[in-house]
Amino acid sequence: MTTQKRIIQAKTGVEKECKGWEQEAVLRMLYNNLDPEVAEKPEDLIVYGGIGKAARNWESFDAIVHSLKSLEANETLLIQSGKPVGMFKTHPAAPRVLLSNSVLVPKWANWDHFNKLEKEGLMMYGQMTAGSWIYIGTQGILQGTYETFAEIARQQFGNSLKGTLTLTAGLGGMGGAQPLAVTMNDGVVIAVDVDESRIQKRIETKYCDKMTSSLDEALEWALEAKENGEPLSIGLVGNAAAVHHEMIARNVHIDIVTDQTSAHDPLNGYVPEGFSLAEATLLRETDATRYVQLANASMRKHVEAMLELQKRGSIVFDYGNNIRQVAQDEGLENAFDFPGFVPAYIRPLFCEGKGPFRWVALSGDPEDIYRTDQLIKELFPENEALCRWIDMAQEKVAFQGLPSRICWLGYGERKKMGLAINELVRNGELKAPVVIGRDHLDCGSVASPNRETEAMLDGSDAVGDWAILNALINTSAGASWVSVHHGGGVGMGYSLHAGMVVVADGTDLAEERLERVLTTDPGMGVIRHADAGYELAKDVAKEKNVVIPMDEN
Ligand code: NAD
């Protein structure tokens with residue numbers, strides 16, 4: 001990996017460097033993904049999620065920037081795993097950029113082969129929103145994490161996590177949302193991370209309250225807050241494979257257990273027990289095979305602790321990093337005894353076409369986002385939980401890079417919001433265009449049998465067609481950029497998924513494209529779940545006139 005230190009900052013204001021706002025939007029979002037406030041290791045082009053990158057290397061980055069600056073409004077740029085490889089004349093309503101990230105032919109779709117190709121400069125790991133240029137920092141996952149903990153509160157603790165203790169690990173780009181999501185639900189959380197600087201970043205961005213390297217101190221703080229029914233988040237420096245067993249040995253009662261270490265990537269994501277960060281880096285470089293063996297063994301131990309805590313009465317769930325699979329591959333037969341978070345808490349939302357809808361103010365002015373916050377309340381006043389989320393986000397979420405907002409909206413709602421944002425741009429209430437996109441942890445764009453499509457009603461967990469159809473229909477509908485990925489979230493061989501972003505620049509053409517894309521994209525979630533036999537999805541399709549040719553209703 002290059003050692004060149006460069007600092008890329010999100011561009012703001014109303015002056016464009018590109019030939020149109022759509023191209024400018026792509027450029028600003030690429031810069032934003034690498035802004036030091038946003039990215040985890042921007043000097044290596046790493047945005048989040050282990051080695052999830054925005055461009056293959058700095059040469060490719062420069063070439064992408066150059067291409068975007070010359071790209072016409074009727075041309076389309078092609079990006080192959082972080083490298084620009086072609087530019088063709090298409091038409092104004094076609095995407096300006098099409099991307100494919102980390103896609104390998106299935107028989108070769110494993111980390112060993114990927115790592116070999118990456119070393120040779122032929123590939124890049126795009127994660128989900130890293131390689132598709134719509135990452136917005138930790139807020140991007142916050143509402144989903146908040147909703148997941150809120151659902152646990154509803155199902156198990158009388159609507160609040162007050163007086164409960166959660167144990168988790170991993171305070172990286174995504175996992176860093178966990179402490180704030182728990183305290184927003186009034187609970188207490190100890191979040192273990194082996195890298196002190198990651199915890200420090202969460203403290204600086206107000207996602208986490210306190211930090212310590214002492215388990216004694218963490219427990220003292222946690223138990224006192226729990227006793228007093230006060231929300232508190234504690235970042236504990238340590239290795240989860242060891243700390244969790246220590247908790248068991250001390251007989252600490254823990255209510256909820258989950259994990260967001262980068263278990264999806266045993267070489268670059270998970271730090272084996274007993275290794276300092278420097279020692280881990282050295283071993284990774286000198287003996288990758290040994291590193292992976294040790295990381296896998298630690299993950300098994302980590303999952304053993306989670307299973308033991310489940311036995312002792314904790315609510316335990318996998319938070320989408322594939323740690324159960326690694327443990328099972330290591331011989332832990334009952335690794336899947338605790339569920340994934342999607343079947344446990346999220347699937348009903350997916351049936352309604354709901355997913356993590358997000359938007360970014362290209363002006364860089366927070367006031368533009370506050371105006372759209374207000375818009376949510378004007379458009380959906382009956383949705384109290386949504387309005388409460390907007391209030392909390394305004395109060396508690398510090399923007400990272402370009403100001404942005406996320407909230408889960410369903411079929412019909414996303415189109416309504418997108419068109420209304422376009423109107424605000426058109427009538428000058430917002431200072432510049434707005435980018436609208438989503439995460440891939442989504443209803444109709446992902447095939448990921450250990451996560452988004454775990455335990456589908458009809459057993460179609462591993463059917464990848466849906467992700468491809470999502471990208472194809474969003475391209476046809478005229479998204480501004482569309483991406484197809486492999487391996488995001490759970491690692492090589494375990495997922496296929498697609499992303500889309502569409503720009504609201506206040507024009508009539510944007511209005512047409514927004515209307516189409518913000519219908520097709522969540523519509524894929526409805527038809528995918530209806531096809532799998534979910535009655536809720538079938539009802540939504542019927543009620544909202546989503547056409548499903550072979551639906552018997
Ligand atoms: P990241 O790489 O930015 O952070 C991972 C963190 O885990 C790092 O801070 C690292 O220091 C820490 N870590 C590694 N090994 C550890 C150990 N043994 N003990 C304690 N800490 C350890 O990754 P991220 O973006 O935060 O994502 C975390 C995981 O969640 C990934 O596997 C990602 O694919 C997955 N993910 C989950 C969701 C979701 O909604 N649940 C969404 C996207 C990604």
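Ligands are counted one by one from 1 in listed order, and the atoms in each one are counted from 1 as well.
Under 4.0 Å from ligand 1, the heavy atoms of I141 that appear belong solely to its side chain. Residue contacts with ligand 1 for M128 are absent, since no atom lies close enough (heavy atoms, distance under 4.0 Å).
Look at E40 and R202 and you find a salt bridge, because one of the NZ, NE, NH1 or NH2 atoms lies within 4.0 Å of a carboxylate O, short of that distance. Ion pairing between R414 and D442 holds under the 4.0 Å rule for side-chain N and carboxylate O. Salt bridge E454/R324: present, at least one basic N to carboxylate O contact under 4.0 Å. Salt bridge present: E151 and R154 bring a charged side-chain N and a carboxylate O closer than 4.0 Å. Ionic pairing of R198 and D193 is not present here: no N-O contact between side-chain nitrogen and carboxylate oxygen is shorter than 4.0 angstrom.
The protein non-hydrogen atom at the shortest distance from atom 35 (C) of ligand 1 is G320 O, 3.6 Å. Closest to atom 24 (P) of ligand 1 among all protein heavy atoms lies M174 N, 3.4 Å. Among protein heavy atoms, the minimum distance from atom 42 (C) of ligand 1 is reached at R451 NH2, 3.5 Å. Ranking the protein heavy atoms by distance from atom 17 (C) of ligand 1 puts N239 OD1, 3.8 Å first. Of all protein heavy atoms, the one lying nearest to atom 32 (O) of ligand 1 is H264 ND1, 2.6 Å. Ranking protein heavy atoms by distance to atom 12 (C) of ligand 1, first place goes to D193 OD2, 3.3 Å. Shortest contact from atom 14 (C) of ligand 1 to any protein heavy atom: G269 O, 3.2 Å. Of all protein heavy atoms, the one lying nearest to atom 22 (C) of ligand 1 is T261 CG2, 3.5 Å.
There is no side-chain donor-acceptor pair under 3.5 Å between T453 and D461. A donor-acceptor contact under 3.5 angstrom links the side chains of T261 and D259, judged on distance only. Side-chain contact annotation: H302 with Y270, donor-acceptor N/O pair under 3.5 Å present.
Close approach of ligand 1 to G172 (heavy-atom distance below 4.0 Å) involves ligand atoms 1 (P), 3 (O), 4 (O), 6 (C), 9 (O), 26 (O). Contact atoms of ligand 1 toward Q127: 33 (C), 34 (O) (distance under 4.0 Å to a heavy atom of the residue). Close approach of ligand 1 to G50 (heavy-atom distance below 4.0 Å) involves ligand atoms 1 (P), 2 (O), 23 (O). Shown in contact with L441 at under 4.0 Å from a heavy atom are these atoms of ligand 1, numbered in order with element: 39 (C), 40 (O). With ligand atoms numbered from 1 in the order given, ligand 1 contributes 32 (O), 33 (C), 34 (O) to contacts under 4.0 Å with heavy atoms of G489. In the vicinity of G170, heavy-atom distances shorter than 4.0 Å reach the ligand 1 atoms 6 (C), 7 (O). For ligand 1 and G175, the ligand atoms under 4.0 Å from any heavy atom of the residue are 26 (O).
To the nearest 0.5 Å, the span separating OH on Y319 from CZ on R451 amounts to 9.5 Å. Between the CH2 atom of W111 and the CG atom of L267 there is a distance of 8.5 Å, given to the nearest 0.5 Å.
Counting heavy atoms of neighbouring residues, nucleotides and ligands inside a 6.0 Å radius, atom NZ of K206 does not exceed 12 of them. Counting non-hydrogen atoms of other residues, nucleotides and ligands closer than 6.0 Å to CD of Q200 gives a total above 12.
Considering S262, S298, P266 only, the shortest heavy-atom separation from atom 5 (C) of ligand 1 involves S262. With G173, G144, A39 as candidates, the residue nearest to atom 3 (O) of ligand 1 on a non-hydrogen basis is G173.
Inclusion of F341 in the set of residues having an N or O under 3.5 Å from an N or O of ligand 1 is not warranted. In terms of polar-atom proximity, G49 is counted as a contact of ligand 1, with an N or O under 3.5 Å from an N or O of the ligand. Residue D439 has no nitrogen or oxygen atom sitting less than 3.5 Å from a nitrogen or oxygen atom of ligand 1, judged on distance alone. Where the criterion is an N or O separation shorter than 3.5 Å, residue side chain and backbone included, V271 meets it with respect to ligand 1.
Ring centroids of F341 and F317 are separated by 6.0 Å or more, keeping the two rings apart. Taking the six-membered ring for Trp and the full ring otherwise, the centers of W408 and Y146 sit at least 6.0 Å from each other.
At least one heavy atom of G238 sits less than 4.0 Å from an atom of ligand 1.
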